[in-house]
Structure formats: structure tokens, C-alpha cells
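Contents: one structure, followed by commentary.
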Amino acid sequence: MCKKYDTVIGLEIHAELSTKTKAFCTCDASFGGDPNTHICPVCTGQPGALPIINHEAVAYAIRAGLALGCEINRYSRFDRKNYFYPDLPKAYQISQLDLPLCINGKLELSTGTVVRINRIHLEEDAGKMVHDDYHGESWADYNRCSVPLIEIVTEPDIKSPEEAAEFVSKIALYLKYLDVCDAKMQEGSIRADVNISLKPAGSLVLGDRAEIKNLNSFRSIQRAIESEIARQTEILSEGGRVVQETRRFDDATGTTSSLRSKENANDYRYFPEPDIMSITFSEEDIERAKSEIPLLPYERVMKYTKEYGLTDEDARVLTLEKYLSDFFDEAVSIYPEYKSVSNMFQTEIMRRVKETDTEEVPISARDFAKVCEMADKNTVNRNDAKTIIRIMFEDCGTPEEIAKANGFIVVEDTAAIAEVVDALFAERYDLIEDYKNGKTNVFGFFMGQANRALKGKATPMSVKAYIEKKFSEV
Ligand code: ADP
Ligand code: MG
Ligand code: ZN
């Protein structure tokens, strides 16, 4: 069947920056805290209080912009966006209207679509309302007021719900690698507004769009777009027009509903923020910022395949999370057996940390590297090495201590090997005759017997070598 309409999507992504302090005061910017404990006269908009720009927030925004291929405006300015809402005690938000920090970036998706980024600007977050439906009360928590945000605005280049979800998850991953945002969707660190319109397939003219506000999971972004495509398809198929409006998405029903239409849309009365100096950058500032950008996910994949000789698939899996990739990098810097460390890491570390929801590995990269080395060098056998990792996850102790305490250290007692195997050969001379007559499975019998007798005193490898030598002599 021929597709009747093309989907056109543009995103506005809000990402909270993980600076220690807020955008325009020195209050703690971390998530949570008892309500209204991270506040001061500046972020609650008391008369006469003056904002001071947080340079760390500016640096983070620039880093994100440069990593996303943006140009940095050499001169940029803040503006007041005025509106009343109980979570905004100042009754305006300090934002950037026509001179944002970053413009004209881009990000490519796995489908080959290149999404142009129109702008990235710095602004402050609002507080949070907590509604108690049972008592019919609403509470204001201003801890989040003035936490720095970047808003990333794309051109309408995205063509499907899957592309939109990929774009947001890629942005989240980039921001984590850049150390500018923790990207915890469940804590609202990343929220997206989604603009959607349909146009007759192949047409160059964009249709009228609806905007769905405040989506905070990859899944709800995808579902909201799917439901909106269905709704708009129905309207257009019946010859109607899509009303340009703001809609909200209900997770429970999976549908969107109207919040406000363009006729009564907000008029923010933007004007230049008089209390904050404009920002200027020199060429040296930009060059320094560029030099401080850490390796991005795709660059790590390149490093893992080219320098470490890992497969594309291994490289991809190892870079899915920054903290895991960092841990792996530290381990191979200590013990550079890439393939072996990668295998042990994927089966024993990644699997375990995935079961928890903390983003940290509870053992040190140094200890992990040591266990890999012990297994490779046969100081302990591979299964015991895995047990050591399990014990380290639950308990303290170094790999060496755990190996000793549990009798995992492999010894090669060559005298014992000779004694046991020689005795076996003497005892079962009949089997040697069979072997000479072509019954090669006799070898397995000797291996089994010898290994059982030598458990803990020798590795199967050296037992095998000795038995092979014996047979070659008979
Ligand atoms: P506004 O100022 O009303 O927010 P913008 O022009 O800044 O509008 O666009 C906001 C977002 O909407 C951008 O991400 C842009 O790509 C997207 N957008 C604009 N027009 C359309 C359209 N016809 N269909 C889908 N998205 C659109
Ligand atoms: Mg908008
Ligand atoms: Zn404050």
C-alpha cells in the first residue's frame, strides 16, 4: 500500500545540567532534598535580589553545542520570558531568545537521517507543584527553581516515532559522555516537547502542527507520536484541518488531548534581561572548550575496534553506558588483554550491574583487571575467577586474598603429576595395549583418573601434557 502522508517531527529537548550550583545563585542544584531547602532570595525572586551567572553552566552548554556540531555565538545574551504560574515565583524565566549560545548543529541517526539542530540555549528551570488530590491541596517546591537547563531545538527533520526516540536517546547518551547531564529520565533530567505535522506524501509544504508537551521517557515519546499520527491522519483523511495547539499525553490511555490552542497561546513578552551581562567568547575560549571535549560514544567505538581490535558488536555493547565504558577503559589500561577483558567484563560485570539500578560498579577496575590476568595466566581456573568476582561484588577482599582463602590458587606440582600418572600407567598396562591397537578413547580414561587424583595440585593442561608425553613414549 502506498503511504498517503509523510510524518514531520521537530523536537525541543530540555536537559538539566549537572552543575553543583544553580544557574544564577549558589544554591545546591542537585535533585530532590526536603521541599524548599535549596532556595535563596535570588532563585525565589525576592525584590532586589540580583542573579550572577554560573560560568560552569555556560561551559557545559558550550561543550554540548560543540559536540553536536554547533557554531558558538561570539556574543550572546539572556532574556526574560514572562509568565505567571505558581511554580515560578519570579513570574519570569531567564532564558535566551534571539542570541542563544549555540546555533546550527546536527546529529545523524542510524537510518541515515541528518537532524539539523536549530539552536541550543541556556535557561533556568521552574519549581515543581505537588498536588494532593485526596486533601484537595497543592504544594509548591522551589528546589528546582533556577536549576540550569539547556534547550536543544531541532529543525523539523525527523520522520518517524522511532527516529524521534532514537534522537532523544542519542542526545541523552552524548550528554552523559560529555559529563554535562545525568540524563536520568525518571528524575526529569531530560524532557521533550514534540511537534508533529503530516503532509501529503512527497509534498514540500509543511502541514499544520500540534505540540505535545513534557514527555519524559523514550517510550512515551514514541507512543505519543504514534497516537498523534493516528489522530491527524483521521482528521486529514476526512478533509479537516489540524488545529495548531499544545496537547498533553496521557500515559494511561495512550492518547493526547488539547491543553491550549494558538488563539490563547502564551505571549511571553520577552525582553533583554537587564541584570545579567551579555556573554562574549574569544577564539581561544572556543579552542580551549573544544580541547576539553571527551571522547564521544562513536569515537569510543572507533577506538575499541581500531586500537583494541574488538569486534563492532563488542565495541557497541561496551559503549552503551558511559560508566561501564569508563570502567572497561580503566581495566584495560592496567591489563591490556582487550578481548579477554571484554569477554569477562560482559559476562561477569555488565550482567551483574544490569540487575541493580545504580550506575556504578561496586568493585575497582584494578581488582577486576587482576582477576582477568589471574584467569589468563592460569593462576586460578576460569570458573574460580568468576566466583572471585561474585564474592567481590558481595564482600570485600582483594582477588589474591579471596583466591587463597578459597583454595583457588592453582599449583603445578610436577612431582605429584609424574607420581600419579606413572602409577596409573603401571597399573593399567592392559589399556596401553588397547591404545596401541587404535582405541584412542583410552586417553580420556587416563585424563579423568589423573585429574581426579590431582585435584588442587595441578591444572588439567599440565596433566594432559604429561600423559601425551607418556603415550608418545610407549
Ligand atoms: P515556536 O516558536 O512556536 O515554538 P518554532 O519555529 O521555534 O516554533 O518551532 C518549534 C519546533 O517545532 C521546532 O522543533 C521545529 O522543528 C518544529 N516545527 C516547526 N514547524 C513544524 C511542522 N510544520 N511540523 C512539525 N514540526 C515543526
Ligand atoms: Mg515551542
Ligand atoms: Zn538560590
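Start at 1 and go down the list; that is how both ligands and their atoms are numbered.
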So with a 6.0 Å cut-off around NZ of K339, is the heavy-atom count from everything else above 12?
-> yes
Just checking, R80 and Y92: is the charged tip under 6.0 Å from the six-membered ring centre and within 45° of the axis?
-> yes
Would you mind running through ligand 1 and noting each atom that sits below 4.0 Å from a heavy atom of E155?
-> 16 (O)
The Zn ion (ligand 3): protein N, O or S atoms that are less than 2.8 Å away, sorted by chain = C25 SG, C27 SG, C40 SG, C43 SG
Y268 ring centre to K81 NZ or CZ under 6.0 Å, with the angle to the axis within 45°?
-> yes
Any N or O of G207 closer than 3.5 Å to N or O of ligand 1 = yes
Polar-atom distance check: V153 versus ligand 1, any N or O pair below 3.5 Å?
-> no
Under 4.0 Å to a heavy atom of L206 - the qualifying atoms of ligand 1, by number = 23 (N)
Does a donor on one side chain sit under 3.5 Å from an acceptor on the other, for T398 and K370?
-> no
Where does V8 meet ligand 1, judged by heavy-atom distances below 4.0 Å: at the side chain, the backbone, both, or neither?
-> both
Select one of side chain, backbone, both or neither to describe which atoms of N195 lie under 4.0 Å from any atom of ligand 1, heavy atoms only.
-> both
Within a distance under 4.0 Å of any heavy atom of P156, pick out the atoms of ligand 1 and give their elements.
-> 16 (O), 26 (N), 27 (C)
Taking all non-hydrogen atoms of both residues, which atom of A224 and which atom of T256 are closest, and how far apart?
-> O-CG2, 4.2 Å
Between L11 and ligand 1, find which residue part has any heavy-atom pair under 4.0 Å and reply side chain, backbone, both or neither.
-> backbone
Does NZ or CZ of R74 lie under 6.0 Å from the centre of the six-membered ring of F281, at an angle within 45° of the ring axis?
-> no
Partner set under salt bridge (charged side-chain N to carboxylate O under 4.0 Å, His left out) for K199, not counting sequence neighbours | D6
Would you mind running through ligand 1 and noting each atom that sits below 4.0 Å from a heavy atom of S197?
-> 22 (C), 23 (N), 24 (N), 25 (C)
When every non-hydrogen atom of R223 is compared with those of G254, the smallest separation belongs to NH2-CA, 3.4 Å
Can a donor-acceptor pair be found between the side chains of S197 and R209 at a distance below 3.5 Å?
-> no
If hydrogens are left out, which of E211, R209, R116 has an atom nearest to atom 8 (O) of ligand 1, that is, the closest non-hydrogen atom?
-> R209
Should the pair K170 and F167 be classed as cation-pi, given the thresholds of under 6.0 Å to the six-membered ring centre and 45° from the axis?
-> no
Can Q346 and D314 be counted as having a side-chain donor-acceptor contact under 3.5 angstrom?
-> yes
